[in-house]
Structure formats: structure tokens, C-alpha cells
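Single-structure report; data block below.
In listed order, ligands and their atoms are each counted from 1.
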Amino acid sequence: MNTNEIRVFCPATIANISCGFDVLGVALASVGDEMVVRKVTEEGIRITKLEGQDLPMETLENVAGVAGLAFLEKSDYQGGFEIEIYKKIKAGSGIGSSAASSTGAVWGMNELLGKPFSTLQLIKFAMEGERLASGVAHADNVAPALFGGFTLVRSYDPLDVVTIHSPAELYATVIHPQIEIKTSDSRKILKTNITLQDGIKQWGNVGGLVAGLFKEDYDLIGRSLVDHIIEPVRSILIPGFDEVKAAAIEAGALGCGISGSGPSIFAFSKGPEIANKVAAAMKEVYEKIGLDYDIHVSKINIEGVREGR
Ligand code: ADP
């Protein structure tokens, strides 16, 4: 076995999950990027291969490079790393494409050095990649990508991440209409103030969702998947959003909302049969509109980033 090199699978993630803007996220089992991280004597980080997407390979322009440099800055390791990235997740899709690369890089580096850093520290390094991608060092994609399952960022300062139980029968359906929305752009349209009334409704739902996940109470999960603050503003950027959401609920989904900053739309369902029905209903909307899409039906990934493909 070559201990200077590791192949990494890094899952796609759904952030926000309707009511939990910037704090809730979940990892997906069947979608993710692959990377190879290699220890080399030359200092610094080099992206030596990037397949599957047209993205910058310069260290300071690639989130894997930036996250890797944040890691090296705090490490006493004298050498450097080469990184190969095999993108399966489209950049700007809203399912944590940038987070997968940042997370995969720092996790792989940490494994090769004998795990000098904790998962919480790795989240902080990966957040620097998110700062490059979106202008904000948010943790709601990188936390579930590292821990797996559902995560709650209880506090950003100091960073406090809580892992949340994932009900066994919960499935996600995610449809990605083929338009690109940059996280940085979809942040610009958000209001910076909310009303107390909206706040009350929103934190009621965040509490309800977390309780529903722990209790495996699928009805409570469904009732709590409501976003009074972000979705009304952002959904305007996504063609057919209202129709897709209505079709998903009609097909039996527990709830439906924008994945991350969009344009992907996610729905949660109890069991694979309903999740597949929901997929068919969502597809039909985009077929009628005449918009191309990718669609995934996935179990929740409870393991997070791991070695392998
Ligand atoms: P997503 O929510 O799918 O991660 P973002 O808009 O947050 O989408 O991130 C995509 C942005 O990050 C794009 O501008 C892209 O050029 C940049 N980027 C830099 N390196 C990478 C990478 N390795 N993987 C994905 N995106 C990257």
C-alpha cells in the first residue's frame, strides 16, 4: 500500500434544508467527487489534474488549493501535497461542489499525516475554500461533508458543530435544472434584516426539524421543512420552482425546498419508492418547461468523506 497517496470520496451535500439558512446541512450517499491526495517533498499545494469540470487549477483560485494552504499554515509538516480532482458534482449546482473539493483535500491531507487535526479544525480549513467560492466562509456544506449525516452549526464564533441523527428511511431527491446560479450572486439578493414574526416562525421550524430527525417523526420533519425568509426571495431565480415543489408534495414528499443557494431543488421522502415517485413528478415539470436537468435519488450518507471511490 502506498502511504504517500490516498483516494478520497467526498459527498455532495444539501445546505440550508429550508429553515436552516447557513446552519443546517446533510450529506448524500450516491453523489460525490473523487480526489487523489499525494504527499510530496516540495512545499505548498499543487492541483495536478482536474477532470469533469472546467475549473481553475491555480492553487489560489481552486477551493481545494485554498483550503489546503489554510491546513499547511497551521501544520508543522515540512513538505507539500499534489491533488488530483475528479469532479462529478457540477460547480454552481447548489449541492456543495466547492465544499466537496475543500473537504476532500483537507481530509486526505490529514489522513496522510496521521490525523494531526480534529474534524472541527478541518471544517475551519475547508471553510476558507468556501470563502473563495462564495465570499462567505460558511460551514453548512463542509460540516456534513466531513461528519456525514445531518449537521447543525450551532455557532460560528466560536465554531460549534452538532451532529444530528439521520432517520433510516429518509431519502433525498435532488433535481438540478441546467442553469447556473453562483452562491455569491444569490447571496447578494438577500435582505439583511428579518421581522420578529418571521424569526419566530423560522426558529420554530429549525427546532421542529431537529427534533423530528432525532425522534424519526417523519410528519414533524415534513411540517418543519418550511422557509419563511430565504426561499420567497431566492426561488424567483429558479425557473419552475413553485411547480416543482407542488409536484413533489403531491407525489408524497415530506417537504421540498431550495438546495443550498440553488438552482437545485431537494425533496425529502420516507422510503425509496416515494423518493422515486417524487423524482418522476419533478422531472415532468422540467420536461414540460423544456429545461434540461440532472436528477439524483439518494439515501443519507451517514459516514461523510471517506477513502475510496
Ligand atoms: P456549489 O454550491 O455547487 O459549491 P458555489 O457557487 O458555491 O457552488 O461554488 C462554485 C464556485 O467555486 C465557482 O465559481 C467555481 O469556479 C469555484 N471553484 C473553485 N474551485 C472549485 C472546485 N474545486 N470545485 C468546485 N468549484 C470550485
Side-chain angles (χ1 to χ4, degrees), residues 8-17 20-22 24-28 31-37 45-71 81-109 123 125-146 172 174-190 230 234 237-238 257-266 293-294 296 305:
V8 180
F9 171 83
C10 194
T13 43
I14 298 171
N16 299 339
I17 318 184
F21 181 65
D22 272 3
L24 287 175
V26 64
L28 299 178
V31 205
D33 281 352
E34 282 169 32
M35 299 171 95
V36 172
V37 183
I45 305 283
R46 269 163 310 282
I47 317 286
T48 52
K49 225 185 226 186
L50 206 164
E51 288 180 7
Q53 286 274 284
D54 186 15
L55 289 166
M57 286 178 75
E58 293 80 22
T59 304
L60 289 174
E61 289 175 40
N62 194 295
V63 298
V66 169
L69 288 176
F71 177 114
F81 291 93
E82 288 178 359
I83 300 174
E84 297 174 8
I85 307 175
Y86 301 92
K87 294 295 299 179
K88 305 275 166 73
I89 315 169
K90 287 190 181 146
S93 57
I95 51 169
S97 174
S98 49
S101 289
S102 313
T103 303
V106 297
W107 185 83
M109 289 164 65
I123 291 176
F125 301 142
M127 283 168 72
E128 292 307 315
E130 294 294 73
R131 193 194 301 282
L132 173 72
S134 69
V136 179
H138 58 100
D140 49 348
N141 288 107
V142 295
L146 275 160
V174 184
I175 192 157
H176 174 209
Q178 303 293 291
I179 56 161
E180 192 177 330
I181 301 179
K182 287 220 162 107
T183 306
S184 46
D185 293 337
S186 65
R187 272 185 184 265
K188 282 184 203 139
I189 64 165
L190 297 178
I230 310 294
R234 275 193 175 162
L237 299 175
I238 306 172
I258 303 170
S259 177
S261 55
S264 287
I265 303 171
F266 80 95
Y293 57 82
D294 285 336
H296 309 284
V305 57

Mark up the atoms of ligand 1 that fall under 4.0 Å of a heavy atom belonging to [X], in ascending order.
X: Gly96; result: 2 (O), 3 (O), 4 (O)
X: Ser93; result: 3 (O)
X: Gly94; result: 2 (O), 3 (O)

#### Entry: Distance-only donor-acceptor check, side chains Glu130 and Ser98, under 3.5 Å
yes
### Query
So, Lys90 versus Gln178: side-chain donor-acceptor pair below 3.5 Å or not?
yes
### Task
Kindly confirm or rule out an N or O of Ser261 lying under 3.5 angstrom from an N or O of ligand 1.
no
### Query
Would you say Ala64 has any N or O atom under 3.5 Å from an N or O of ligand 1, going by distance alone?
no
### Query
Can Asp294 and Lys88 be said to form a salt bridge (charged side-chain N to carboxylate O under 4.0 Å, His left out), step by step?
CA-CA 12 Å; Asp294 285 336; Lys88 305 275 166 73; over 6 Å; no
### Message
What verdict does the salt bridge (charged side-chain N to carboxylate O under 4.0 Å, His left out) test give for Lys87 and Asp33, after you've listed the backbone C-alpha separation in whole Å, the side-chain angles of each residue and the deciding distance to 0.1 Å?
### Response
CA-CA 5 Å; Lys87 294 295 299 179; Asp33 281 352; 2.5 Å; yes
### Query
Quick one: which of Glu61, Lys87, Met57 has a heavy atom closest to atom 24 (N) of ligand 1?
Lys87
### Query
Of the listed options (Ala133, Gly104, Pro263, Gly92), which comes nearest to atom 3 (O) of ligand 1 when hydrogens are ignored and any heavy atom counts?
Gly92
Just let me know how [X] lines up against ligand 1, side chain, backbone, both or neither, with a heavy-atom cut-off below 4.0 Å.
X: Leu55; value: side chain
X: Glu130; value: neither
X: Ser97; value: both

Checking the side chain of [X] only, and the main-chain atoms of [Y] only, is there a donor and an acceptor separated by less than 3.5 Å?
X: Ser264; Y: Ile95; result: no
X: Ser101; Y: Ala64; result: no
X: Thr13; Y: Ala15; result: no
X: Arg46; Y: Ile83; result: no
X: Glu82; Y: Ile47; result: no

### Query
Mind checking whether Gly260 has a heavy atom under 4.0 Å from ligand 1?
no
Protein contact of [atom] - nearest heavy atom, named by residue and atom, plus distance:
atom: atom 21 (C) of ligand 1; answer: Val63 CG2, 3.6 Å
atom: atom 14 (O) of ligand 1; answer: Lys182 CE, 3.4 Å
atom: atom 9 (O) of ligand 1; answer: Ser98 OG, 3.5 Å
atom: atom 7 (O) of ligand 1; answer: Thr183 OG1, 2.7 Å

### Shortest non-hydrogen contact from Leu28 toward Pro11
O-CB, 3.4 Å
